Protein chains: 2
Amino acid sequence: MDESGQGQAVAGRRRERGGRGAAREGRGRGQGLGRPFIRRNIPPYDILSEENLLKIESAADRILAEIGIEFRDDPAALDLWRRAGAKLDGVRVRFEPGMLREVLKTAPARFTQHARNPARSVEIGGDAVVFSPAYGSPFVMDLDKGRRYGTLEDFQNFIRLAQSSPWLHHSGGTICEPVDVPVNKRHLDMVYSHIRYSDRAFMGSVTAEGRAEDSVAMARILFGDDFTDQNCVILGNVNVNSPLVWDGTMTKALRAYARANQAGVVVPFILGGAMGPVTNAGAIAQSLAETMAGCALTQLERPGAPVIFGNFLSSMAMRSGSPTFGTPEPAIGSMVIGQLARRLNLPLRCSGNFTTSKLPDAQAMTEGTMSMLAAIHCGANFILHSAGFLDGLLSMSYEKFVLDTDLCGALHTYCDGVQVDDDQLALDAFREVGPGGHFFGCAHTMGHYQTAFWDSELADNDPFEKWEAGGSVDAAQRANRLWKKRLADYEPPALDEGVDEALRDFVARRKGEAPDAWY
Amino acid sequence: MDESGQGQAVAGRRRERGGRGAAREGRGRGQGLGRPFIRRNIPPYDILSEENLLKIESAADRILAEIGIEFRDDPAALDLWRRAGAKLDGVRVRFEPGMLREVLKTAPARFTQHARNPARSVEIGGDAVVFSPAYGSPFVMDLDKGRRYGTLEDFQNFIRLAQSSPWLHHSGGTICEPVDVPVNKRHLDMVYSHIRYSDRAFMGSVTAEGRAEDSVAMARILFGDDFTDQNCVILGNVNVNSPLVWDGTMTKALRAYARANQAGVVVPFILGGAMGPVTNAGAIAQSLAETMAGCALTQLERPGAPVIFGNFLSSMAMRSGSPTFGTPEPAIGSMVIGQLARRLNLPLRCSGNFTTSKLPDAQAMTEGTMSMLAAIHCGANFILHSAGFLDGLLSMSYEKFVLDTDLCGALHTYCDGVQVDDDQLALDAFREVGPGGHFFGCAHTMGHYQTAFWDSELADNDPFEKWEAGGSVDAAQRANRLWKKRLADYEPPALDEGVDEALRDFVARRKGEAPDAWY
C-alpha cells in the first residue's frame, strides 16, 4: 500500500464506522454491529446427493465438449483457449472433460478484498458472507415520487444509505444507472462516488474494456500500484450472454480485471425458458458450464487471479413470458449451485433479494425473503443484490433498500446459528426460576439483556392498540421515514485530500478525452 | 370404518377436490395440485453437530432429573408416572436420564390421520409435510372492517377458505375463537363446522377433558367406533405451561386423546426471557424436556398411541418486553429441534407462519416467510399455523390467509427439490438451440409448458406499465379480492345426511345438558 492509501486507511480506522446512523441502527444490540462481514456458524444446506451432483457435472462436461461455447469478438481470448488446448472451430470453443477443472486449480478458494478503511476489508470465500447492494437498475422509486430514471444523485444516495447501514459489508457497483451522466463517462463518476461516499470495498465498470481499466486505475490511485498488483481492491461483475455465448465486451473486461489481479464475478443470468431450459437440472448444468469457462479464462489471463463463481437462475410466468423472481425453483437451484461451487473450491456468488413487485409490499418481501434466504442457505460468499430491488430488477426502491438492510441484519443473527455452551444452556437459570416461575428478572436474563434476540429497527412489535394509536403505519411507510432520516444523518467518511484531488484529476482528464456518448 | 363413514368417503371421492376455487387456483399448473400432502424431495437442514446435539440432550436430561416437571391437578397422571418409575415429590416429577426415551419407544414414527374423504387423508411423520391453518386467535381482521372479535361465521369462513385452497392439507382446529358462542359449547360448533364445511382431516378441542371427549365422540359418529379405536381421525393440540409445568387441564385432554388412540400434539410455547431463558440452547433443552415428558405420558396412557413432538420457540423485544415472531432465533432453533425430534424417531410439529405485523404488509411477509421456511427446513411433518396469523398470533387476517396459502403453494414446488434425469438435464434442448439461440419454442420447453415453474395466483409479474394501467394494486388489495371470490365460489363438500343428522343431534343434546358459560 502506498502512502496515500495507508494514510487513508489510518484515517478510516480513527472514525466510528458508519457515522451516527449506524450507531443508531444498532441501538440496544451489540451483537453483530459493525462486523466487516459475516463468518457463518451454520453449514450450507446441501440438498442434492453425490450421485445427482455427478450427473449434473457430467451434463455440463458434455455441453462443454459436444456443443461448446462461443467466444465472440475477442481474438485474444481465443488465443488463450488455443494455447490451453481447447478445440476451436471459428469462435466456437469445445473443452475436453476435466480440462477446465484443471485450469481452475490455480484460482484461490478465498481472498480478501481490501477496503480503504482496513477494518472494513472483506473476506470472500470459505465461511465468509458479504452483503452488497443491488446492481444495475435503470429506474429508482420511492413512495413520494414514484418511478423515474436514476440519476447520479440517486446513485450517491444509495451509497450513503449503504454506508449508513451496519448490515451491509460492501458498497456495491452500479447500484442504479446514473442516467443523467453520459454512458461513456458514468463509470468515472460511479467509481469516484463509491470511494468518496463510502469507506467500504466496491465494484468497478465492465461495460467496456477501457472502462474496466479506468476503474482499476482509480483503485490504483487509492491503494497504490504495488498494493493493487498484489491484492484485490476492486471487483468487476460480468455476465454470460446465455446460452453458451461469451461476448467480447464481457471477456475483455473480465480479462482486464484478471490482468490487474482483480476479481471478476462470473455470472450467467439464465432466465429458464428463454436463455436456458425450463427445467432446473438443465439450467444448473448450463450455468456450471458457462461459469467454469469464464472463471477458467481468468486463470489463463493471469494464473492465481481471484475470481468468483457466480450464478443467477431465474424463472418465467409461462402464460405471459414475464420473468419471475423470488420463486422456489431458483431458490432450490441455488442450493445445488452452491454444492457445485464448493466441489470446485471457488468462492460463490448466488441469488440475492429479488421480486417482481412494483411496491415494497407483501409480495416484495415474500419473494425477497425466499430468495435472500436461499443465498444464505446455498453458502454464497458474496451476495450481490442484497438490498433495494423491486420491479423485476428494473428499479431500486428507497423503501425496499432499508427493508432489505433490516433483513440483512436479521441474517447476521441467523448465520450465528446456535451457540452451545454452559452459559447458553442456562441450567443455573432453570434452577433459579423453577417450574412455573418466569425468567424476566433472573440473573441469566439480566446478563444477556444487551445482546439477546435480533432487534429489528423496522418491525412494529407493539400491541395492536399502541400501533393503532400511533397512526396504523405500515412497514413501507416506516421505511419511507427511515431512509429519509438516514440520508439526513449521513456523514461522509474522511478521505485523504491528496487522494481525493488525484481521483478528481483523473476523472476530469478522462472525461475531457472523449465527447459525451449517450448509448 | 362403519357404513356412514364409508358412504361419506365414497361421496367425497366422487367430488372434484376443493370445488371450483381449487381448480382455478391451480390453473396453468398441474404439478402439485390436489396433493393430499407433500412428500418432500429435499432433506432436512441439519445445522448442529452431533457433539452439540448431545450437549443439548444432556442438558434436557439434567433438567428432567435435577429440577423435574410439575404435573398439577391431575392425580391420574401422577399415578402413571409413579408406576413407570419416576420419582415423585408432591406434584414434582423427576426422571432418570434415559427413562423417557425408553417410554417413547412405543410411539409410532409415522401414522395416517384419516379424513372423511379418503383421498385427503394425511401422513404425519417421515418425509410427509402437512399444512394446517393457524390456530387460536381471538380476533379476525380484514382490510374492509379492520379488527374485531371472531365469530362462528368467521370460523366457518376460514374453513371454507382452507377447503378452497389446494395448498393446504388439513382443516385445522380453533382457526379463530368463535367468541359469539358460549365458551363451554364452542367446541361442538367448531368440530361440527370442520366436518360440515371441509372434507379434510381436523383437530378437536383441548380446553377441558369433557370437550376433548366430545370432540372424539363426534369423530366416532363420523368414522365409526371400531375404525376410530384403531386409526387416528382427530388431533388435539396441547400446550405446556412453560417453564416445566403441565397443567391438569392439558394433561387430561392429552390423555383423553391418547386413550381413544388419537394423536396429541405436544407443544411447549416458550417465549424466551419469559417462559424460558433468552438463549436458544437453553430454550431448546427446555423444550426437549417438556415435550418428551408430555409425549411419554401419552404412551403410559396407551402405548402405541400416535403423538406429535411439538415445539414453539419465540423471542422478545428486550426493550419493551413485547413478544416478537418471525425472527431469526426461533427459525434457527427450529432446525435444531428438528434434529432432536428425528433422534427420538417422532413426527414433528415446528414453527409456522408468524409475525407481529398488524397488516398484510412487507413486515408480515418478511417474518412470515422466514418462519415458514424454517418449518420446511427443520423437517416438520405437521405445520400448524401455516396460514392466517397477523398481530402476534392474536388475529386471523382474511388477506394474510390467502397470501399464506399462496406461499404454501410455492413451498410445494420448493419441497420437490431438483429432479435429475435425462429429460430434466435437457441435453437435446441445448443441441437444438445452440449458442446464442433461445429456448422459447424448442421442443423441450413446449413439452414442459404446463408444469414448468411455480405460478403464483397473487404475485403480479407484469411489467410496470401494465401494472400501473391496472390501477397500481398492491398484494394486500389483490388478496382482499381473492378471498372474497373464494368465499363466493365456495361449494361445501357433500356430507351423508344420516351422519349430518347424527352429528346435529349430538351437538343439540350436549348443548342442552348445561347452561351457557362465557368464561
Side-chain angles (χ1 to χ4, degrees), chain A residues 28 42 45 47 52 55 59 63 67 70 244-245 273-274 277-282 315 317-319 322 324 327-328 336 356 358-363 365-366 369-370 373 391 403 410 413-414 418 420 424-426 429-430 435-436 438-439 444-445 448 452-454 459 461 464 467 474-476, chain B residues 28 42 45 47 52 55 59 63 67 70 244-245 273-274 277-282 315 317-319 322 324 327-328 336 356 358-363 365-366 369-370 373 391 403 410 413-414 417-418 420 424-426 429-430 435-436 438-439 444-445 448 452-454 459 461 464 467 474-475:
Chain A
I42 55 174
Y45 181 20
I47 66 161
N52 281 331
K55 282 186 196 165
I63 291 169
I67 300 166
E70 292 191 3
L244 306 176
V245 174
V278 292
T279 47
N280 232 338
S315 50
M318 294 303 283
R319 283 171 289 152
S322 291
T324 52
T327 48
V336 180
T356 52
K358 272 65 73 179
L359 288 171
D361 66 353
Q363 179 190 342
M365 294 312 289
T366 303
T369 304
M370 182 177 284
L373 275 170
D391 189 18
L403 285 162
T413 299
Y414 194 92
V418 177
V420 184
Q424 297 279 316
L425 286 166
F430 291 110
H438 67 75
F439 290 72
H444 184 263
T445 301
H448 292 81
F453 300 128
W454 160 242
N461 303 315
F464 184 86
W467 169 79
D474 75 359
Chain B
I42 54 174
Y45 181 19
I47 66 163
N52 281 330
K55 281 186 196 166
I63 291 170
I67 300 166
E70 291 191 2
L244 305 177
V245 174
V278 292
T279 48
N280 232 338
S315 51
M318 294 303 282
R319 282 171 288 152
S322 291
T324 51
T327 48
V336 179
T356 52
K358 271 65 73 180
L359 289 170
D361 65 353
Q363 179 191 342
M365 294 313 289
T366 305
T369 304
M370 182 178 282
L373 275 170
D391 188 18
L403 286 162
T413 299
Y414 193 92
V418 177
V420 184
Q424 296 279 317
L425 287 165
F430 291 110
H438 67 75
F439 289 73
H444 184 264
T445 301
H448 291 81
F453 301 128
W454 159 243
N461 304 313
F464 182 86
W467 169 79
D474 74 0

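Below, chains carry the letters A, B, ... as their sequence lines are ordered, and counting in each starts from 1. As the structure is a computational prediction, the values presented were derived from the model and not from experiment. Only heavy atoms go into these numbers, but all of them, side chains included; no hydrogens, no water, no symmetry mates.
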Requested in this report: Check step by step if side-chain contact (heavy atoms from CB on, under 4.5 Å) holds for B:Met370 and A:Leu373.
Outcome: CA-CA 8 Å; B:Met370 182 178 282; A:Leu373 275 170; 4.3 Å; yes
Query raised in the report: Tell me, side chain or backbone of A:Ile47 under 4.5 Å from chain B's heavy atoms, or both, or neither?
Result: both
Query raised in the report: Taking only residues two or more places apart in sequence, or in another chain, which ones meet A:Tyr45 in a ring pair (Phe, Tyr, Trp, His ring centres under 6.0 Å)?
Result: B:Tyr45, B:His377
Query raised in the report: Among A:Leu244, A:Val245, A:Val420, who wins on heavy-atom pairs under 4.5 Å with chain B?
Result: A:Val420
Requested in this report: Against chain A, work out which of B:Asn280, B:Thr366, B:Thr327 has the most heavy-atom pairs shorter than 4.5 Å and name it.
Outcome: B:Thr366
Report task. Between chain B and each of A:Ser322, A:Pro328, A:Ala429, count heavy-atom pairs under 4.5 Å; write down the option with the most. Result -> A:Pro328
**Report entry** chain A contact via B:Asp474 - which portion, at a heavy-atom distance below 4.5 Å
**Finding:** both
Report summary line: Of the listed B:Pro435, B:Gly436, B:Ala459, B:Gly282, the one with the largest count of heavy-atom pairs under 4.5 Å with chain A is B:Pro435
**Report entry** Closest non-hydrogen atom pair, A:Leu425 against B:Ala59
**Finding:** CD2-CB, 3.8 Å
Requested in this report: Counting only heavy atoms closer than 4.5 Å, note whether B:Leu403 contacts chain A via side chain, backbone, both or neither.
Outcome: side chain
Query raised in the report: Highest number of heavy-atom pairs under 4.5 Å with chain B: which of A:Ser315, A:Ala476, A:Ala317?
Result: A:Ser315
Query raised in the report: If you tally heavy-atom pairs under 4.5 Å against chain B, which of A:Ala426, A:Pro360, A:Ala410 wins?
Result: A:Ala410
Requested in this report: Would you check if there is a donor-acceptor pair between the side chains of B:Thr356 and A:Asn461 at a distance under 3.5 Å?
Outcome: yes
Report summary line: So NZ of B:Lys358 and CZ of A:Phe464: to nearest 0.5 Å the spacing works out to 9.0 Å
Report task. Indicate the atoms forming the closest heavy-atom contact of B:Gln424 with A:Thr279, along with that distance. Result -> O-OG1, 2.7 Å
**Report entry** ring pair (Phe, Tyr, Trp, His ring centres under 6.0 Å) partners of B:Phe430, counting only residues at least two apart
**Finding:** B:Phe439
Report task. Check step by step if side-chain contact (heavy atoms from CB on, under 4.5 Å) holds for B:Val278 and A:Phe453. Result -> CA-CA 8 Å; B:Val278 292; A:Phe453 300 128; 3.9 Å; yes
Query - Donor-acceptor contact present, side-chain B:Asp361 to main-chain A:Ala475, <3.5 Å - result: yes
Query - A:Met318 vs B:Thr445, side-chain contact (heavy atoms from CB on, under 4.5 Å): CA-CA, chis, key distance, verdict - result: CA-CA 10 Å; A:Met318 294 303 283; B:Thr445 301; 4.0 Å; yes
Query raised in the report: Measuring heavy-atom distances to chain B, does A:Val418 have an atom under 4.5 Å in its side chain, in its backbone, in both, or in neither?
Result: both
